[in-house]
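Structure, as structure tokens:
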Amino acid sequence: MRATAIAQPNIALIKYWGKRDVVRNLPAVGSISITLSELQTQMSVDLDTDLPGDVLLVNGGEEPRFLPRISACLNDLLGEQRSFARISSHSNFPMAAGLASSASAFSALTMAAAGAADLSLSTRELARIAGRASGSAARSLYGGFVELKNDGDSIELESLMDAESWPLQVVLAITDTGRKETGSTEAMEISRKTSPFYDDWIVRQATDLDAARTAIEQRDFAGLAAIAEHNCLKMHSIMWASRPPIVYWKAATMRCLQTVRRLQGEGRSVFFTIDAGPQVKAVCLPEDTEVVREALSTTPGVKQVMTSGLGAGARLVKKT
Ligand code: DP6
């Protein structure tokens, strides 16, 4: 009745932005991501309790704010007649600041809860359940390069390549550790309802996915860099043109982009991507990691820099 799972966040190179079905949390577009190795969330679920309601501890402290989504995910997985759970989560990176904490949290939660309840579900089924809680979480059930396809009435996941086959590095530049003002769920709906660029984004996503898939297959770094930066800036353009506008960037976010441009001008293999937050993720080839890390950590306004390789999908580490 107790189990612990570990999952790593993933960073989308071709982004999920917008929902086709809000109730079932089906994404409006497919996406491609890389799962990280060094950032992680460890999640323990204890179903053997006589608690009057679910209890959630995040890094040792109670966090009732996140509880409704966690409880809903457990109901989805275990049914509403389940016993209440004690859930304890530890992450080694800042939460709710655009570092994909919901992806590692919900993928680890789904796997730990299924383990605690002794359910034997496939990775694909667990991914679908995690994805209903948070779209990007479905991808963290898998390692390396992962595609989430949105065709049909549910999502389909495909592992495009394992982490070892193309060992890219990611340097994460933290420009702000505060919690973001608008969560991605809400921001996506504002974009869908008000952004003049939203429909065009949906139509063009298939072309971007094709280009990224080909670049990954061929280990074409320049090709992947071009399509990932384009897709990222397109997603932020949708947000900037929404009403009210959604602007996650800080001044230091822009400075990091300029640092990446300078490094590219010096012949370094690096590109940027930015999610629903002000942090910049610089993806690079292993030989350029140190130079990228040094350049981003000395960029004004950068508070912290973390480096990660690519890693494995969510896994169960303990079951009692
Ligand atoms: C910008 O997965 O957090 O990181 O399904 O509403 O929980 P919900 O959204 P979420 O959105 C992630 C958005 C993104 C792009 C991406 O990861 O693909």
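Both counts, for ligands and for their atoms, begin at 1 and track the order of listing. Scope of the values below: all heavy atoms of this structure, side chains included, with no hydrogens, waters or symmetry mates. Nothing here was measured: the structure is a model prediction, and the numbers come from that model.
With a heavy-atom cut-off of 4.0 Å, Arg139 touches ligand 1 through its side chain alone. Only the side chain of Asn25 comes within contact range of ligand 1, with a heavy atom under 4.0 Å; no backbone atom does. Contact annotation for Ser134 and ligand 1: heavy atoms of both the backbone and the side chain come within less than 4.0 Å of the ligand. When heavy-atom distances to ligand 1 are checked against a 4.0 Å cut-off, Ser102 comes that close only through its side chain, counted from C-beta outward. Counting heavy atoms closer than 4.0 Å to ligand 1, residue Glu189 contributes nothing at all.
Residue contact check: Thr185 has heavy atoms under 4.0 Å from atoms 6 (O), 7 (O), 8 (P) of ligand 1. Of all the atoms in ligand 1, the ones that sit under 4.0 Å from a non-hydrogen atom of Met235 are 1 (C). Atoms of ligand 1 found under 4.0 Å from any heavy atom of Arg69, numbered from 1 in the order shown, are 7 (O). Those atoms of ligand 1 with a heavy atom of Lys19 less than 4.0 angstrom away are 5 (O), 6 (O), 8 (P). Those atoms of ligand 1 that come under 4.0 Å of a heavy atom in Ala12, given as number and element, are 16 (C), 17 (O), 18 (O). For ligand 1, the atoms sitting less than 4.0 Å from at least one non-hydrogen atom of Met188 are 9 (O), 11 (O), 13 (C), numbered in the order shown with element in parentheses. Residue contact check: Ala276 has heavy atoms under 4.0 Å from atoms 1 (C) of ligand 1.
Using a 4.0 Å cut-off between a side-chain N of Lys or Arg and a carboxylate O of Asp or Glu, Arg24 and Asp153 qualify as a salt bridge. Using a cut-off of 4.0 Å between Lys/Arg side-chain N and Asp/Glu carboxylate O, Arg128 and Glu125 are scored as not salt-bridged. Salt bridge status for Lys281 with Asp275: present, with a side-chain N to carboxylate O gap under 4.0 Å. Salt bridge Arg139/Glu147: absent, no basic N to carboxylate O contact under 4.0 Å. We find that Arg204 and Asp208 are not joined by a salt bridge, their nearest charged nitrogen and carboxylate oxygen being 4.0 Å or further apart.
With sequence neighbours left out, Glu266 forms a salt bridge (charged side-chain N to carboxylate O under 4.0 Å, His left out) with Arg262. For Asp210, the salt bridge (charged side-chain N to carboxylate O under 4.0 Å, His left out) criterion is met by Arg213, not counting sequence neighbours.
Under the 3.5 Å distance criterion, with hydrogens and angles disregarded, a donor-acceptor pair is assigned to the side chains of Arg261 and Gln264.
Side chains of Glu38 and Phe93 form no contact here, defined as non-hydrogen atoms less than 4.5 Å apart. Inter-residue side-chain proximity for Leu74 and Leu109 is flagged as met; some heavy-atom pair is nearer than 4.5 Å.
Geometrically, ligand 1 and Ser136 share a nitrogen or oxygen pair separated by less than 3.5 Å. By the 3.5 Å distance cut-off applied to N or O atoms, Gly135 is counted among the residues near ligand 1.
In the candidate list Phe106, Tyr16, Trp17, Tyr16 is nearest to atom 18 (O) of ligand 1, counting heavy atoms. Nearest-residue assignment for atom 10 (P) of ligand 1 (options Pro9, Ala138, Ser184; heavy-atom criterion): Ser184.
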